[in-house]
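Take a look at the structure set out below.
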Protein chains: 2
Amino acid sequence: MANIREIAKEAGVSVATVSRVLNGYPYVREEKRNAVWEAVEKLNYTKNINAVHLAKGKTSIIGVMLPYVNHPYFGAILEGISKEALRHRYHLLLFQTNYDVEKELEALEMMRMKQVDGLIICSHVAGWNVIEEYKEDGPIVLCENVGDKDFLSVYIDHYESFAKALRYLIRKGHRHIGYCIGRTTGTNSKARETAYYDTLRQIGVEPRKEWIFDHCLYVEDGKRVIHQWMDLSEKPSALLVSSDQVAAGIVLWGRKEGVKIPDDLAIVSFDNHPISEPLQITTMELPLALMGTKAFRLIYHYIETGNIVKKKEKLPVRFMERSSV
Amino acid sequence: MANIREIAKEAGVSVATVSRVLNGYPYVREEKRNAVWEAVEKLNYTKNINAVHLAKGKTSIIGVMLPYVNHPYFGAILEGISKEALRHRYHLLLFQTNYDVEKELEALEMMRMKQVDGLIICSHVAGWNVIEEYKEDGPIVLCENVGDKDFLSVYIDHYESFAKALRYLIRKGHRHIGYCIGRTTGTNSKARETAYYDTLRQIGVEPRKEWIFDHCLYVEDGKRVIHQWMDLSEKPSALLVSSDQVAAGIVLWGRKEGVKIPDDLAIVSFDNHPISEPLQITTMELPLALMGTKAFRLIYHYIETGNIVKKKEKLPVRFMERSSV
DNA sequence: CTGTTAGCGCGTTCAG
DNA sequence: CTGAACGCGCTAACAG
């Protein structure tokens with residue numbers, strides 16, 4: 001595999017000139033420029049990008065940390081990131097963590113080792129103190145509300161949107177309300193939990209632990225939920241569901257069991273995934289792709305200019321009223 | 001940022017010894033080993049992985065070329081790749097192409113530039129001759145039937161499975177059959193088209209162009225299809241649908257329009273995505289995650305050992321008979 | 001067991 | 001406009 005030195009020899013110029021030509025540096029005499037390109041052609045030369053990375057101390061790669069690659073929630077964020085990365089000729093290195101701290105640390109270490117120029121954290125389990133350790137090593141953007149912590153962040157206010165959905169159910173006459181969530185830890189989940197407790201207590205209703213369904217991520221989890229719900233001696237009349245996938249599962253499996261939506265069970269979901277529309281599920285639209293896009297922009301802008309326009313950005317949600325309540 | 005030389009000085013050893021310690025090379029005296037780790041600790045040292053890549057001529061990164069990151073079909077393949085990559089401590093660099101040849105070329109170029117050690121092509125538009133150009137630059141695995149061409153490949157026989165589904169419909173008495181597909185070009189799509197024409201002609205039925213629905217990828221495309229279907233003066237009585245997402249859209253939007261499945265319209269779909277089960281869609285299960293896993297293994301094994309166990313592997317599909325026919 | 005040294009391939013001053 | 005030379009940080013062959 002030819003290298004820049006061989007090209008230089010072949011073209012009868014120095015390596016510096018080759019480098020200039022290769023990188024479109026303007027002040028090179030026409031004839032030398034042509035000679036270089038000819039040599040490149042003749043020797044079938046290609047840059048070794050690792051050498052470029054080493055010499056420049058930069059890779060134009062952004063790391064993306066997420067628990068699962070094949071879930072519509074993260075898929076949508078990833079899509080947003082990817083679209084914007086494409087525009088700016090950046091590449092994406094995937095760090096699937098399965099919510100394993102070890103894997104998360106590996107992603108962070110990869111930034112320290114200069115494998116990636118920055119890191120977008122879509123979701124995590126590692127504590128703040130752990131992530132803070134890596135702040136010197138490159139820009140980190142989190143897709144969650146980081147509160148007062150000194151991090152870049154693009155987020156959806158899950159407290160607010162959860163509370164809003166809850167108040168909607170309450171307005172519609174519901175008092176017995178449960179919810180389904182992907183996990184119980186994590187910033188977003190905690191925010192929703194707090195919203196749940198706060199809002200119910202405001203109307204003097206005691207929240208019930210057995211009405212909280214954990215590990216709800218996929219369509220099939222909806223099947224489990226509706227069956228558990230049916231087995232409950234005291235049933236909630238409404239459910240807040242953190243994912244349209246799960247809501248679809250609940251609605252569809254519920255139908256097979258003769259559960260009437262919304263009469264037997266009302267549902268408000270989140271995402272506004274296309275599946276929710278024909279199912280007539282009332283849902284809170286989350287701008288996931290936009291969040292990814294903005295996260296990339298934030299990090300990109302920081303890398304390219306060294307400064308920050310807006311440290312934290314809250315994205316608006318949109319309530320899609322349909323007929324599952 | 002400290003480098004290996006500074007560590008060597010601090011620990012009072014040579015850079016080679018530092019490298020040995022860092023990489024777990026066994027024959028280093030205990031005390032020197034400790035001295036190195038102490039220096040590492042003290043100077044807060046981390047390897048620059050780009051230097052490692054350059055020196056070794058290898059990155060332990062595999063490129064994944066796919067058109068869309070947020071589609072369940074590719075998400076499932078990606079999941080399989082990712083899972084296996086995780087096991088072997090490899091990383092994944094994402095190349096989203098949107099079926100743009102330029103983007104595909106970029107991915108291939110990245111392998112030539114040694115950014116990635118190998119490339120998994122989940123789907124592509126570039127011609128064989130284009131891809132062949134890069135065979136010298138690293139292992140390429142395709143997730144499609146490459147026929148006689150000299151490529152590594154793990155694939156699902158779409159001709160066979162499409163024909164099988166078609167014959168099932170025919171056995172059930174259908175003669176007017178159409179199909180929905182993501183795109184009309186590409187190996188897999190061509191295989192299905194051929195299967196369609198071949199099988200129908202075998203029973204003396206003339207295929208109809210207006211019963212072929214293109215650009216069917218997402219739930220919302222099912223909405224379009226069912227409306228187009230309704231507007232048809234002569235309607236097919238059955239539809240083969242290349243994706244469960246689209247099938248779900250057809251079924252659900254169809255219900256809203258009063259279309260009875262299977263009486264008005266029978267459906268056989270592909271994937272066996274969890275959404276198809278509560279919808280009772282008869283579907284052909286495609287081992288997508290497995291395909292990803294096997295693709296990774298193939299490339300991994302080649303990279304690590306330099307030889308190939310099985311060049312091409314066909315994966316079995318499973319027919320899930322439910323009640324949409 | 002350990003140190004020396006020659007690469008790996010490119011970017012980037014700094015003279016001229 | 002151009003070239004020499006050094007730096008990026010690490011690996012691995014070789015000598016001892």
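Reminder, nothing fancy here: chain letters follow the sequence lines and each chain counts from 1.
Residues of residues 43-51 of chain A that place a heavy atom closer than 4.0 Å to DNA chain D do not occur. Residues from residues 15-35 of chain B with heavy atoms under 4.0 angstrom of DNA chain D, sorted by number: B:Ala16, B:Ser19, B:Arg20, B:Asn23.
Put simply, CE on B:Met113 is 11 Å from P on C:dC10, counting in whole angstrom units. Rounded to a whole Å, the NZ atom of B:Lys9 is 16 Å from the C1' atom of C:dG3. Distance B:Leu54 CG to C:dA6 P: 17 Å, rounded to the nearest Å. Look at CD1 on B:Ile4: it is 16 Å from P on C:dT5, rounded to the nearest Å. Atom P of nucleotide D:dG7 and atom CZ of A:Arg5 are separated by 16 Å, given to the nearest angstrom. Nucleotide C:dC8 holds its P atom 12 Å from the NZ atom of B:Lys114, rounded to whole Å. What separates CD of A:Glu10 from P of C:dG9 is a distance of 17 Å, to the nearest Å.
Helix-axis bend for the helix from C:dC1-D:dG16 to C:dG16-D:dC1: the local axis fitted to the five terminal pairs at one end deviates from that at the other end by 30°, rounded to 10°.
A search for side chain to side chain contact (heavy atoms under 4.5 Å, CB included) contacts involving A:Glu6 returns A:Ala2, A:Asn3, A:Leu43, not counting sequence neighbours. For A:His53, the side chain to side chain donor-acceptor pair (under 3.5 Å) criterion is met by no residue, not counting sequence neighbours. Under the ring-ring contact (aromatic ring centres under 6.0 Å, His included) criterion, A:Tyr155 pairs with no residue at all, not counting sequence neighbours. Considering only residues two or more places apart in sequence or on other chains, B:Lys190 meets the salt bridge (charged side-chain N to carboxylate O under 4.0 Å, His left out) condition with B:Glu193. Partners of A:His91 according to the ring-ring contact (aromatic ring centres under 6.0 Å, His included) rule, which considers only residues two or more places apart in sequence or in another chain, are B:Phe95. Taking the side chain to side chain donor-acceptor pair (under 3.5 Å) definition, one finds that B:Arg297 meets it with B:Glu84, sequence neighbours left out.
Between B:Lys135 and B:Asp150 the shortest heavy-atom distance is NZ-O, 3.2 Å.
Atom CG of A:Leu94 and atom CG of A:Leu78 lie 6.0 Å apart (nearest 0.5 Å).
Judged as a salt bridge (charged side-chain N to carboxylate O under 4.0 Å, His left out), the pairs with a partner in residues 97-125 of chain A (not counting sequence neighbours) are, in order, A:Lys58-A:Asp117, A:Glu106-B:Arg89, A:Arg112-A:Asp137.
Set against C:dT4, C:dC10, D:dC10, the side chain of A:Asn3 has C:dC10 as its closest nucleotide. The B:Val52 side chain lies nearest to D:dT11 when the options are D:dT11, D:dA4, C:dG11.
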Could you list the donor-acceptor pairs under 3.5 angstrom formed between side-chain atoms of residues 25-42 of chain B and any protein atom two or more places apart in sequence or on another chain?
residue : atom : partner : partner atom : Å
B:Arg33 : NH2  : B:Tyr25 : O            : 3.3
B:Arg33 : NH2  : B:Pro26 : O            : 2.9
B:Lys42 : NZ   : B:Glu10 : OE2          : 2.8

Show me, pair by pair, the donor-acceptor contacts under 3.5 angstrom made by side chains of residues 64-77 of chain A, not counting sequence neighbours?
residue : atom : partner  : partner atom : Å
A:Asn70 : ND2  : B:Glu79  : OE1          : 3.4
A:His71 : ND1  : A:Tyr73  : N            : 2.9
A:His71 : NE2  : A:Leu217 : O            : 2.6

